[in-house]
Amino acid sequence: MSRGSLAPAQASGVRAAWAQHDQERLDWAFRAYTRFAESLSPEIRDRLASKDQQAEAYVVVFGKTQVGKTTLLMELMGVLATQMPRVARVLRGGRAAGQSATATTMEYRRSPDQRWGLKVNETAIAWYGDDLAMEAELGRLRTAMEMRQLVAHGPCVVFVPLECFDADVAQSGVRMLDLPGDKPANAAEQEHVHAMARKYVPLADLILLVGRGDDLSFLQGGGLTLPGIEDWQSAPRRFRIVTTYSFTAQSVRDMVREHAGEAEVPLYRRRLVEQIERSIPLSEDVKRAANFFPLEFGQSWLDAREAEPLLYARVQPMMLTLKQQLLSDIQASTTPLARLRVAVDAHMVIARVKKKRQEVLGAESEALQTVLGRAQHEQGQAQLAAENIGKQCASLAQAQEALTDEALSKDIARHFVFATTAPGDPYESVDGFKAVIRRAKSSMKQAMLACHPDTARMSGTQPFWRRVELKDGASGSDDILDDAFSSFLSTLNAYWVDKYWSTGEGSDYARDLRTFKRCIDEVQTKLKALARKRWLAAAHAWRERLLEELEEQRYKRDDFQQLADGGIAPIKLLEEKLAQHTQARELFEQRMENDLMESRRFASLLDAEYVAELEQRRQAICTAGNRVTGFLGLLAAVRLVDVRKQVLLHIEPSAI
């Protein structure tokens with residue numbers, strides 16, 4: 001062995017030591033990233049796909065059912081167009097066209113030979129030499145999922161026969177997971193979709209959101225319901241938007257014919273962004289053209305090649321360019337440095353999460369305040385009604401106390417109006433007396449109708465008497481009148497002649513005139529007594545009615561008071577809920593402020609961990625067991641300078 005050379009064992013040890021140094025060159029940066037991620041609140045951390053350096057890299061493909069997700073994966077993997085119908089048929093697992101085919105989270109790989117393969121959880125790979133056998137097995141897998149018998153600890157891996165792939169297309173080496181479609185009709189499938197999303201979305205390096213170009217609703221709020229995806233704009237660097245059937249619409253095809261030139265890819269990307277922005281506001285960070293991929297592939301695109309060859313010839317080069325760019329994005333997103341890059345997105349994520357959450361919290365707060373305001377108004381109105389009716393009850397009760405039989409009788413005795421018109425003296429004849437009797441009856445009957453308590457002269461009971469009503473006030477007066485004059489009329493009827501010959505004292509005329517006046521006095525006394533009796537009876541009846549009214553008002557007051565009292569507890573609950581909501585809102589805003597402050601510390605954390613790494617390596621060099629180990633440690637430490645520059649350049653420190 002020549003001087004200065006190493007023995008094979010030594011050389012192997014040196015290579016192993018250097019490989020170890022190479023593997024550890026980014027440890028300091030990931031320690032800084034771990035410290036950074038741990039300082040953030042869970043809602044921000046979950047959106048950053050915070051994975052350590054050794055975590056397995058993978059990309060997730062997600063969208064509604066029947067939009068071409070699986071076909072897109074086959075295209076990216078390099079499945080031949082002629083083999084696509086065969087592969088699609090097998091992967092459907094016996095499902096009819098128009099139904100969701102992906103049973104659970106699937107990963108597709110190239111088979112080492114011409115067989116199909118399936119690996120479920122930790123079981124050994126099952127190999128199938130026949131398409132129908134593989135199709136049946138995938139059908140059984142879907143049945144198990146729909147019966148809630150499938151517990152997936154990892155993605156089901158499907159190995160596609162080697163002959164289905166274009167030999168000129170190299171394998172990407174990146175795991176791409178096909179999630180079941182969102183919003184399936186089957187309830188068990190929906191539960192399974194959510195479970196798979198909760199498991200794989202948080203740690204995905206990149207998420208491809210796939211939807212039809214003629215239905216962009218999948219990007220709207222509520223369009224995607226899975227955790228970590230519904231607010232895809234909060235972390236735009238983690239997503240790529242892929243539309244299928246992008247050139248199916250006649251308007252797009254007309255646009256292809258009208259435009260030509262090298263700027264076609266940017267043109268159709270801009271058009272897609274414009275179409276999305278018609279119904280979905282996009283932030284500046286989100287609407288970068290490089291995030292959008294309007295694609296056409298699959299059987300419908302092959303049919304277009306035959307039906308419209310010129311269109312196909314114009315568009316297909318764009319499709320190849322876009323697919324290559326998408327593959328490049330997928331490769332770039334799974335590197336360790338790309339994982340560090342998400343730290344820079346923190347401030348964008350925080351701003352988006354804060355804005356969206358504040359909108360939700362604001363709407364919830366406004367709704368609570370509206371409900372609380374309505375409850376307070378209703379309770380206040382009920383309380384006010386109870387108080388007002390209570391005042392009326394108190395007034396009625398006070399009035400009732402003054403309406404004694406004695407008080408009412410005194411009112412009638414003292415303040416009663418019974419006014420009659422004097423009938424005048426009769427003519428000196430029998431007919432004259434009869435005429436004046438008729439006038440007297442009529443006058444006194446009118447007096448009965450017009451008689452009333454004189455409320456103007458009353459004091460405490462005046463409001464009561466004004467409300468007393470006397471119905472048929474002349475009832476009974478005819479009998480009194482007839483009875484009072486019946487004897488006198490008999491005397492008059494007994495005369496043989498009509499005219500009185502003498503009117504002086506002691507004459508028949510003088511005697512009859514005294515009788516007539518006596519009848520008038522008697523009938524007035526009786527009618528007045530009857531009127532007072534009837535008014536007093538009416539007053540008693542009205543007093544009873546007022547008592548009933550008082551009871552009704554008391555019931556009404558009690559009902560309103562019960563309603564008002566019953567509204568106090570719900571108001572307190574609403575006030576407590578609003579106070580809790582306000583506190584939660586303040587805590588959330590404080591968390592976001594803290595997160596924002598932490599997001600500005602990533603560069604300083606990198607510097608701190610870099611300095612700590614240099615110190616650790618300096619000590620390791622000083623305590624190395626031999627000069628070779630120490631020299632390798634020195635070279636690795638020197639290389640850290642370049643590694644640090646690469647890290648800072650990759651994460652764009654100006655954005656921190």
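In this text, all values refer to a predicted model and were calculated from it rather than measured experimentally. Heavy-atom basis, side chains included; hydrogens, waters and symmetry copies ignored.
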Quick check: do Arg175 and Arg109 have side-chain heavy atoms less than 4.5 Å from each other? yes
For the pair Leu209 and Phe62, evaluate side-chain contact (heavy atoms from CB on, under 4.5 Å) and give the outcome as yes or no after the intermediate values. CA-CA 5 Å; Leu209 291 184; Phe62 181 73; 4.3 Å; yes
When you compare the side chains of Trp116 and Glu135, does any donor N or O come within less than 3.5 Å of an acceptor on the partner? no
Where Glu296 and Phe247 come nearest, the two heavy atoms and their spacing: OE2-N, 3.0 Å
Indicate yes or no for a side-chain donor-acceptor contact from Lys119 to the backbone of Pro155 under 3.5 Å, with no hydrogens or angles considered. no
Determine, step by step, whether Leu141 and Glu137 satisfy the side-chain contact (heavy atoms from CB on, under 4.5 Å) criterion, reporting the C-alpha distance in whole Å, the side-chain angles of both residues, the deciding distance to 0.1 Å, and the verdict. CA-CA 6 Å; Leu141 185 70; Glu137 187 59 32; 5.8 Å; no
If you compare all heavy atoms of Met134 against all heavy atoms of Leu118, which two are closest, and at what distance to 0.1 Å? CE-CB, 3.9 Å
Less than 4.5 Å apart, side chain to side chain, heavy atoms only: is that true for Glu75 and Met84? yes
Rounded to the nearest 0.5 Å, the NZ atom of Lys287 sits from the CD1 atom of Ile280 at a distance of 13.0 Å
Using side-chain heavy atoms (C-beta onward) and a distance below 4.5 Å, is Tyr108 in contact with Val79? no
ring-ring contact (aromatic ring centres under 6.0 Å, His included) filter on Phe292, not counting sequence neighbours, yields none
Can any side-chain N or O of Ser365 pair as donor or acceptor with the backbone N or O of Leu361 at less than 3.5 Å? no
Closest approach of Val90 and Leu138, non-hydrogen atoms and distance? O-CD1, 3.4 Å
In chain order, what residues pass the ring-ring contact (aromatic ring centres under 6.0 Å, His included) check against Tyr245, with sequence neighbours excluded? none
Taking Arg110 for the side chain and Met77 for the main chain, is one N or O donor matched with an acceptor at less than 3.5 Å? yes
Kindly determine whether Val242 and Leu322 satisfy side-chain contact (heavy atoms from CB on, under 4.5 Å), including the steps that lead there. CA-CA 10 Å; Val242 180; Leu322 286 170; over 6 Å; no
Under the ring-ring contact (aromatic ring centres under 6.0 Å, His included) test, residues paired with Tyr128 that sit two or more places apart: none
Output for pair (Leu73 CG, Asp178 CG), nearest 0.5 Å, gives 5.0 Å
Is any side-chain heavy atom of Phe239 closer than 4.5 Å to a side-chain heavy atom of Asn291? no
Taking the side chain from Arg269 and the backbone from Pro294, do they hold a donor-acceptor pair closer than 3.5 Å? no
How about Met74 and Cys164: do any of their side-chain heavy atoms sit closer than 4.5 Å? no
May I ask you to say whether Glu274 pairs ionically with Arg271, meaning some side-chain N is under 4.0 Å from a carboxylate O? no
CZ of Phe293 to CD of Gln325, rounded to nearest 0.5 Å, is 6.0 Å
Looking at Ile125 and Gly117, what are the two nearest heavy atoms and their distance? CG2-CA, 4.2 Å
Once rounded to the nearest 0.5 Å, what's the spacing between atom CG of Leu326 and atom CZ of Arg240? 8.0 Å
Of Val210, Leu295, Thr71, which is the lone residue that meets side-chain contact (heavy atoms from CB on, under 4.5 Å) with Thr244? Val210
Quick one: pull up CD in Gln275 and OG in Ser246 and give me the separation to the nearest 0.5 Å. 11.0 Å
State, to 0.1 Å, how close Ala304 and Arg253 come at their nearest heavy-atom pair, and which atoms those are. CB-NH2, 4.3 Å
Do Pro161 and Gln83 have side chains that approach each other closer than 4.5 Å (heavy atoms only, starting at C-beta)? no
What are the two closest non-hydrogen atoms of Leu76 and Leu327, and how far apart are they? O-CD2, 3.7 Å
To the nearest 0.5 Å, tell me how far Asp303 CG sits from Glu308 CD. 11.5 Å
Output, in order, the C-alpha distance, side-chain angles, deciding distance and verdict of side-chain contact (heavy atoms from CB on, under 4.5 Å) for Lys69 and Leu72. CA-CA 5 Å; Lys69 301 186 301 297; Leu72 171 64; 5.7 Å; no
Are Leu302 and Arg305 close enough that some pair of their side-chain heavy atoms sits under 4.5 Å apart? yes
Is the CD atom of Gln114 crowded by more than 12 outside heavy atoms at less than 6.0 Å? yes
Are side-chain heavy atoms of Asp215 and Lys64 found at a separation under 4.5 Å? yes
Could you check Arg585, His581, Gln369, Lys577 and say which one makes a side chain to side chain donor-acceptor pair (under 3.5 Å) with Glu364? His581
